[in-house]
Amino acid sequence: QVQLVESGGGLVQPGGSLRLSCAASGSIFSINTMGWYRQAPGKERELVATITTGGSTNYADSVKGRFTISRDNAKNTVYLQMNSLKPEDTAVYLCNAAGTSRAFKYYNVWGQGTQVTVSS
């Protein structure tokens with residue numbers, strides 16, 4: 001019913017920047033919260049950043065001051081601007097969206113993931 005498509009991942013040198021995008025489509029009535037999570041090899045999936053419809057944001061301590069999450073409600077799209085990237089940021093980044101469908105049912109969906117590799 002609701003699908004997420006991610007883009008923007010790739011290979012970047014330490015200190016560089018990337019911008020991830022995630023577009024939601026389908027039977028959407030509203031998107032209450034969108035966010036980014038990441039999973040590195042051998043580690044559990046962790047929250048990176050979330051943003052609500054009202055613009056309230058939440059960041060993991062490890063990315064505060066370096067990453068910025070934003071959303072374009074008209075396009076049902078969330079972005080993650082990543083600056084001052086470090087090798088430890090290397091992971092598969094997954095988009096998440098939660099809200100209400102056109103059938104007025106709660107949904108919580110995930111994108112397919114996009115690889116971010118920070119290496120010299």
Side-chain angles (χ1 to χ4, degrees):
Q1 293 184 323
V2 179
Q3 303 84 226
L4 304 177
V5 179
E6 300 146 321
S7 62
L11 175 65
V12 66
Q13 294 183 342
S17 299
L18 283 174
R19 185 180 68 188
L20 306 183
S21 299
C22 173
S25 62
S27 300
I28 300 169
F29 178 77
S30 65
I31 303 176
N32 295 327
T33 304
M34 299 188 78
W36 291 94
Y37 295 72
R38 67 186 182 187
Q39 188 164 20
K43 294 186 177 181
E44 297 287 338
R45 184 178 299 180
E46 65 173 340
L47 183 147
V48 177
T50 61
I51 185 167
T52 67
T53 301
S56 179
T57 58
N58 181 46
Y59 295 92
D61 289 341
S62 60
V63 307
K64 286 181 178 178
R66 300 188 298 119
F67 291 9
T68 302
I69 189 170
S70 62
R71 65 190 291 175
D72 185 335
N73 291 331
K75 297 181 179 180
N76 290 328
T77 300
V78 64
Y79 306 93
L80 185 68
Q81 179 66 46
M82 304 185 293
N83 299 325
S84 301
L85 283 162
K86 304 174 181 179
E88 50 263 45
D89 294 319
T90 296
V92 174
Y93 284 70
L94 302 107
C95 181
N96 173 259
T100 303
S101 73
R102 291 175 181 173
F104 295 103
K105 295 183 180 296
Y106 171 81
Y107 65 83
N108 190 316
V109 296
W110 295 86
Q112 78 284 357
T114 185
Q115 177 70 46
V116 172
T117 302
V118 185
S119 176
S120 60

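Just so we're clear, the structure is a prediction, and the values are computed from it rather than from any experiment.
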Audit row: M82, V116, side chain to side chain contact (heavy atoms under 4.5 Å, CB included) steps and yes/no:
CA-CA 10 Å; M82 304 185 293; V116 172; 3.9 Å; yes

Show, in sequence, the C-alpha distance, side-chain angles and deciding distance for S17 and N83, and conclude whether the side-chain hydrogen bond (donor to acceptor under 3.5 Å, both in side chains) test is met.
CA-CA 4 Å; S17 299; N83 299 325; 2.8 Å; yes

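Side-chain atoms of Y59 do not come within 3.5 Å of backbone N or O of T50 as any donor-acceptor pair. Under a 3.5 Å cut-off, the side chain of N96 and the backbone N or O of V109 do form a donor-acceptor pair. Not one N or O on the side chain of S30 forms a donor-acceptor pair closer than 3.5 Å with the backbone of N32. Not a single donor-acceptor pair under 3.5 Å links the side chain of T100 to the backbone N or O of F104. Formation of a donor-acceptor pair under 3.5 Å by the T77 side chain with backbone atoms of K75 is found in this model.
Using a 4.5 Å cut-off between side-chain heavy atoms of Ile, Leu, Val, Met, Phe, Trp and Tyr, with links allowed through other members, Y107 and L4 fall into the same hydrophobic cluster. Under the 4.5 Å side-chain heavy-atom criterion for ILVMFWY residues, a single connected hydrophobic cluster contains both V78 and L18.
Between R71 atom CZ and C22 atom SG the span is 10.5 Å, to the nearest 0.5 Å. For the atom pair OG (S119) and CG (L85), the distance works out to 12.0 Å, reported to the nearest 0.5 Å.
When all heavy atoms are compared, the tightest approach of R66 to S84 is NH1-O, 3.0 Å. P14 and S120 get closest at one heavy-atom pair: CD-N, 3.7 Å. Here the shortest heavy-atom pairing between I69 and A49 reads CD1-O, 3.6 Å. In plain terms, the two heavy atoms of I31 and A97 that are nearest each other are CG2-CB, 4.3 Å. Considering all non-hydrogen atoms of both residues, M34 and C95 come closest at CE-SG, 4.3 Å.
By the 4.5 Å heavy-atom criterion applied to side chains, E46 and Q39 are not counted as neighbours. No side-chain heavy atom of V92 sits less than 4.5 Å from a side-chain heavy atom of R38. For the pair V12/T117, no side-chain contact is recorded, criterion being any heavy-atom separation below 4.5 Å from C-beta on.
With hydrogens and angles left out, the side-chain atoms of N108 and Y106 include a donor and acceptor closer than 3.5 Å.
Within 6.0 Å of atom CZ in R45, more than 12 heavy atoms from other residues, nucleotides or ligands are found, so the atom counts as buried in its surroundings. Surrounding CD of Q1 are at most 12 heavy atoms belonging to other residues, nucleotides or ligands under 6.0 Å away.
With respect to L80, the side-chain contact (heavy atoms from CB on, under 4.5 Å) criterion is satisfied by exactly one of V48, T68, V63, I51: V48.
Residue pairs meeting the ring-ring contact (aromatic ring centres under 6.0 Å, His included) criterion with at least one member in residues 74-99: none, sequence neighbours excluded.
Using a cut-off of 4.0 Å between Lys/Arg side-chain N and Asp/Glu carboxylate O, D61 and K64 are scored as salt-bridged.
If you look at W36 and F67, their ring centroids are not closer than 6.0 Å.
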